[in-house]
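Structure first, then comments.
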Protein chains: 2
Amino acid sequence: MKDIARHAGVSQSAVSFALNGRPGVSEDTRDRVRQVAEELGWRPSTAARALSGEGAATVGFVLARPADTLGVDSFFLQLVSGIQEVLAERHLGLLFQVVEDVADECAVYRRWWAEHRVDGVLVVDPRTADPRPDLLDELGLPAVVIGGAPDERHPGLSTVWADDAGAMASVVDGLYSLGHRRIVHIAGLPGLAHTERRIRTLRAEAERRGLSGVRSVTTDYSDAEGAAVTRRVLESADPPTALIYDNDVMAVAGAAAATELGRSVPADVSVVSWEDSALCRMVKPWLSALSRDSVEFGRTAARELTALLDGGPARTVRVPVPRLIERGSTGAAREA
Amino acid sequence: MKDIARHAGVSQSAVSFALNGRPGVSEDTRDRVRQVAEELGWRPSTAARALSGEGAATVGFVLARPADTLGVDSFFLQLVSGIQEVLAERHLGLLFQVVEDVADECAVYRRWWAEHRVDGVLVVDPRTADPRPDLLDELGLPAVVIGGAPDERHPGLSTVWADDAGAMASVVDGLYSLGHRRIVHIAGLPGLAHTERRIRTLRAEAERRGLSGVRSVTTDYSDAEGAAVTRRVLESADPPTALIYDNDVMAVAGAAAATELGRSVPADVSVVSWEDSALCRMVKPWLSALSRDSVEFGRTAARELTALLDGGPARTVRVPVPRLIERGSTGAAREA
DNA sequence: CTTGAGAGCTGAACCGCATTAGTGCATGCT
DNA sequence: AGCATGCACTAATGCGGTTCAGCTCTCAAG
C-alpha cells in the first residue's frame with residue numbers, strides 16, 4: 001500500500017479509503033488508486049487485515065472421525081463443495097481439520113478461536129449429549145450446527161436441519177401401505193442426534209399402528225456391520241419384510257447379504273437406503289433411496305454462517321424433507 | 001503478551017523469547033513466564049505472527065472438480081486425513097478449496113500467495129500439459145505435487161508419486177500368465193498424468209508381447225461411463241477376456257454391466273479395479289484390486305511439504321507400488 | 001583494579017493494514 | 001468580511017507479535 005500511495009501521489013490512508021470503498025476520497029483519486037493497485041498486482045494481506053480487527057476471513061470445519069471410518073461417503077465432499085460455493089463468493093477461506101473424536105474437536109475450536117484463526121465454524125454430526133454447543137456458546141464463537149434439531153437452549157447457534165422425523169414417517173407409511181408389518185431399521189451410530197430422531201420416530205409410528213415387529217439396530221455405518229446385522233435379523237425367528245438402512249454403504253452391503261442368504265430383493269425383502277448416491281445404482285435391483293441435495297444443504301449452512309458473521313441473528317432453517325426415489329428394491333410384502 | 005509481561009514482571013520481549021524457546025532469558029524466567037502464560041490461557045495470534053514474518057502456519061489444498069463429479073470417492077478423504085495427521089503435529093492448518101477447473105485453481109494459488117494466506121500447497125491430479133508447476137515456480141510458492149511423475153523441469157517442486165507404470169506392468173503380467181491376451185483398460189480422465197502413464201505402459205507391455213487385442217479407453221471416472229464402455233467392448237467383435245478399471249466405482253459398475261450381458265465374472269471376463277475400497281467387497285464376486293495406502297500417501301506428501309517449509313531441498317519420493325489383492329474377480333482366461 | 005566478554009534483559013522499531021483525529025481549502029451563508 | 005460547513009486528504013496510532021540494538025550486571029582474566 002505504501003508503494004501504491006507513492007505511485008498515486010497520495011497518502012497511505014487515502015489508498016485504504018479508496019480500495020475499501022469508504023468515503024473520504026474523490027472518485028477521481030479512487031479510480032487512480034484502483035488502477036495503480038491493479039498494475040502492481042496488489043492484494044491485501046489477510047494477516048494484516050485480521051490484525052486490525054477485520055477477522056480472519058476464514059471459517060472452520062472439523063470432521064471428528066477415526067481415519068479408517070472415512071470410507072466411501074459422498075455426503076461430506078458434497079456438503080463441503082456446497083459450502084465452498086457460498087464462501088468463495090465472499091472470499092472466505094475454509095479451514096478444514098479431521099480429528100479422532102469430539103473432545104479433540106472441542107480442543108480445535110478452542111485453539112482456532114484463541115488464535116483468531118477463524119471467524120466462525122460449521123459443526124456436523126450433532127449428538128444427543130453434545131458438549132459442543134455449550135462450548136461454542138461459552139467461547140462466543142459463531143457457529144452453524146448442521147443436521148441438528150432446533151435447540152432453544154443455545155439461542156446463539158444457528159441450525160440447519162432436515163426433518164428426519166417426517167421423512168421416517170413417510171417411509172414407514174409407504175412400506176405399511178405395501179403391506180409391510182415387520183420392519184427393521186439398520187441405524188447409524190448411536191448418540192448421533194439424527195440417529196436417535198429416526199429411531200424415536202420409527203418407534204412412535206410403530207406404536208401408532210400397533211406394530212410389534214418393528215425395531216431399530218444401531219451400527220457404525222460400515223458395510224461390514226450393515227451386512228452382519230442384515231444376516232442376523234433375516235435369520236431370526238420372525239424376519240422382517242422390509243429393511244431401512246441409514247446410509248447407502250450399509251444398504252448395498254445389506255442387500256448383497258440378503259441375496260446371499262437366498263432372499264430375493266424385493267420379493268422377499270424390501271430395501272430402502274437413507275442416502276442416495278451412485279452406489280444405489282450399482283447393484284441389482286437398484287436401491288430405492290431417500291434423496292437429499294447435499295450440495296444445497298452445504299450452501300444453506302454456509303449462507304447461515306455468513307449471515308451470522310454479518311451480525312445477523314441466529315436462525316433455525318429447515319431444508320426440504322428428503323424424498324423417496326422409488327427404484328427396484330421396494331415392493332409389496334410377501335404374504336405371511 | 002503484555003499481560004503476561006506485567007504478571008511475570010518482565011518486558012514483553014522477554015516473554016517472546018521465553019515462549020519461543022529462544023536464548024536471551026534464564027531458565028528461571030522462562031519457566032515463570034511459561035506458567036503465567038498457561039494460567040492466562042494465552043495463545044499466539046496467528047495473524048500477528050504471520051504479520052511479523054513467521055508465515056501463515058497454513059498450507060493449501062485445492063480440488064479442481066465440478067461439484068457433481070465429487071461422488072463416491074474414498075481416495076481424497078483418506079488422503080486428506082493422512083495429510084492432517086502430519087500437519088496437526090506441527091499445528092499447521094489446512095486451507096481447503098473446491099473449484100471447477102485448473103484455471104480457477106491457478107487463480108486460487110495466486111490469491112492465496114499474494115494474500116499470504118498459505119506457506120505452501122499440495123497439488124493433486126497433475127496433468128500432462130499442466131500450467132500449475134510453471135505457476136508455482138513463478139510465484140515461488142512451495143509445493144508438493146501428489147501423483148506426478150518426477151519432473152526435472154521444475155527443480156523447486158517436490159513430488160510424491162506411486163509407480164503406476166510398474167504396477168500396470170505387473171498387472172498385465174499377472175493377467176498374461178492367466179492366459180489373457182485381449183485386455184481392455186477402462187482408464188480415467190485423459191490428460192491426467194497418471195492416466196497417460198498407465199496407457200503408455202499398457203501399450204508398451206502389449207507390444208513387448210506382441211498382443212494386438214489390448215487397448216485403453218478413457219472415461220470420466222463415472223459409474224455411467226464405466227458401465228457404458230464395458231457394454232461396448234464386451235459386445236464388440238473380438239471382446240476382451242480381462243478388464244482393468246482405473247477406479248473402484250467404474251469397476252463395480254462395469255462388473256455389474258458384464259453380468260447383465262450374461263458374462264460371468266471371472267469365468268468369461270476377469271475384472272481388476274485400480275483402487276481398493278469397501279466398494280470392491282460389496283459385489284459378488286469380490287473384486288481383485290490394486291491396493292494402496294492413501295492415508296500413508298497423504299502423510300508422506302505432508303511430510304515433504306513441511307520439509308520444504310523448513311527450508312529443505314525439493315525431493316522426489318516414490319511410495320510403494322500398489323499391490324494386487326487377488327479376490328474372486330480374476331481367473332484363468334476362457335479358451336478361445 | 002581494570003578490562004572484556006557474555007548472560008539476561010529492556011526499549012523501540014517494524015510487519016501491513018484500518019481507523020481516528022486532525023489539517024487545509026473552497027464554498028455557502030449571514 | 002467573518003464564520004461555519006463540508007470535502008479531500010494526511011499524520012498518527014494501534015492490532016499482537018518478533019527482532020535487533022543497546023544497556024546493565026557479573027565474573028574471570030590480565
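As the structure is a prediction and not an experimental result, all values here were calculated from the model. Convention: sequence-line order gives letters A, B, ...; per-chain numbering from 1. Values below: all heavy atoms of this structure, side chains included; hydrogens, waters and symmetry mates excluded.
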Report, as a single string ordered 5' to 3', how protein heavy atoms within less than 4.0 Å touch nucleotides 10-15 of chain C: B base, S sugar-phosphate only, - not at all.
BBB--B
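- Protein chain B touches strand DNA chain D; the 5'-most and 3'-most nucleotides with an atom under 4.0 angstrom of its non-hydrogen atoms are D/dG16 to D/dC20.
- Rounded to a whole Å, the CZ atom of B/Arg22 is 17 Å from the P atom of C/dG8.
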Side-chain atoms of residues 311-320 of chain B: list all donor-acceptor pairs with protein atoms under 3.5 Å, sequence neighbours left out, distances to 0.1 Å.
from: B/Arg315; atom 1: NE; to: B/Glu304; atom 2: OE1; distance (Å): 3.2
from: B/Arg315; atom 1: NH2; to: B/Glu304; atom 2: OE2; distance (Å): 2.7

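- The stretch residues 38-46 of chain A does not touch DNA chain D, since none of its heavy atoms comes less than 4.0 Å from the strand.
- Look at A/Arg303 and A/Glu296 and you find a salt bridge, because one of the NZ, NE, NH1 or NH2 atoms lies within 4.0 Å of a carboxylate O, short of that distance.
- Legend: residues meeting side chain to side chain donor-acceptor pair (under 3.5 Å) with B/Ser11, ordered by chain and number and at least two apart, are B/Ser13.
- By the salt bridge (Lys or Arg N to Asp or Glu O under 4.0 Å) test, B/Asp134 is found to be paired with no residue, residues two or more places apart in sequence or in another chain being considered.
- Within the structure, the ring pair (Phe, Tyr, Trp, His ring centres under 6.0 Å) test picks out the following pairs touching residues 77-111 of chain B (sequence neighbours left out): A/Phe96-B/Phe96, B/Phe61-B/Phe96.
- Applying the salt bridge (Lys or Arg N to Asp or Glu O under 4.0 Å) criterion to B/Asp125, with sequence neighbours excluded, gives B/Arg65.
- A/Ile4 CD1 to A/Trp42 CH2: the interatomic distance, rounded to the nearest 0.5 Å, is 6.0 Å.
- Where the helix from C/dC1-D/dG30 to C/dT30-D/dA1 starts and where it ends, the local axes point in directions that differ by 60°; five pairs per end, rounded to 10°.
- For A/Thr29, the side chain to side chain donor-acceptor pair (under 3.5 Å) criterion is met by A/Ser26, not counting sequence neighbours.
- Side-chain contact check for A/Gln97 versus B/Leu87: every heavy-atom pair is 4.5 Å or farther apart.
- Residue pairs meeting the salt bridge (charged side-chain N to carboxylate O under 4.0 Å, His left out) criterion with at least one partner in residues 32-53 of chain B, sequence neighbours excluded, are B/Asp31-B/Arg34.
- B/Arg32 places its CZ atom 13 Å from the P atom of C/dG8, with the value rounded to the nearest Å.
- Between B/Leu157 and B/Val123, every side-chain heavy-atom pair lies at or beyond the 4.5 Å cut-off.
- What separates CZ of B/Arg117 from P of C/dC17 is a distance of 14 Å, to the nearest Å.
- Within the structure, every side-chain polar atom (N or O) of B/Ser26 is placed at least 4.0 Å from both OP1 and OP2 of C/dG8.
- Within a 6.0 Å sphere centred on NE2 of A/His154, other residues, nucleotides and ligands contribute more than 12 heavy atoms.
- The side chain to side chain donor-acceptor pair (under 3.5 Å) check on B/Asp101 picks up nothing, with sequence neighbours excluded.
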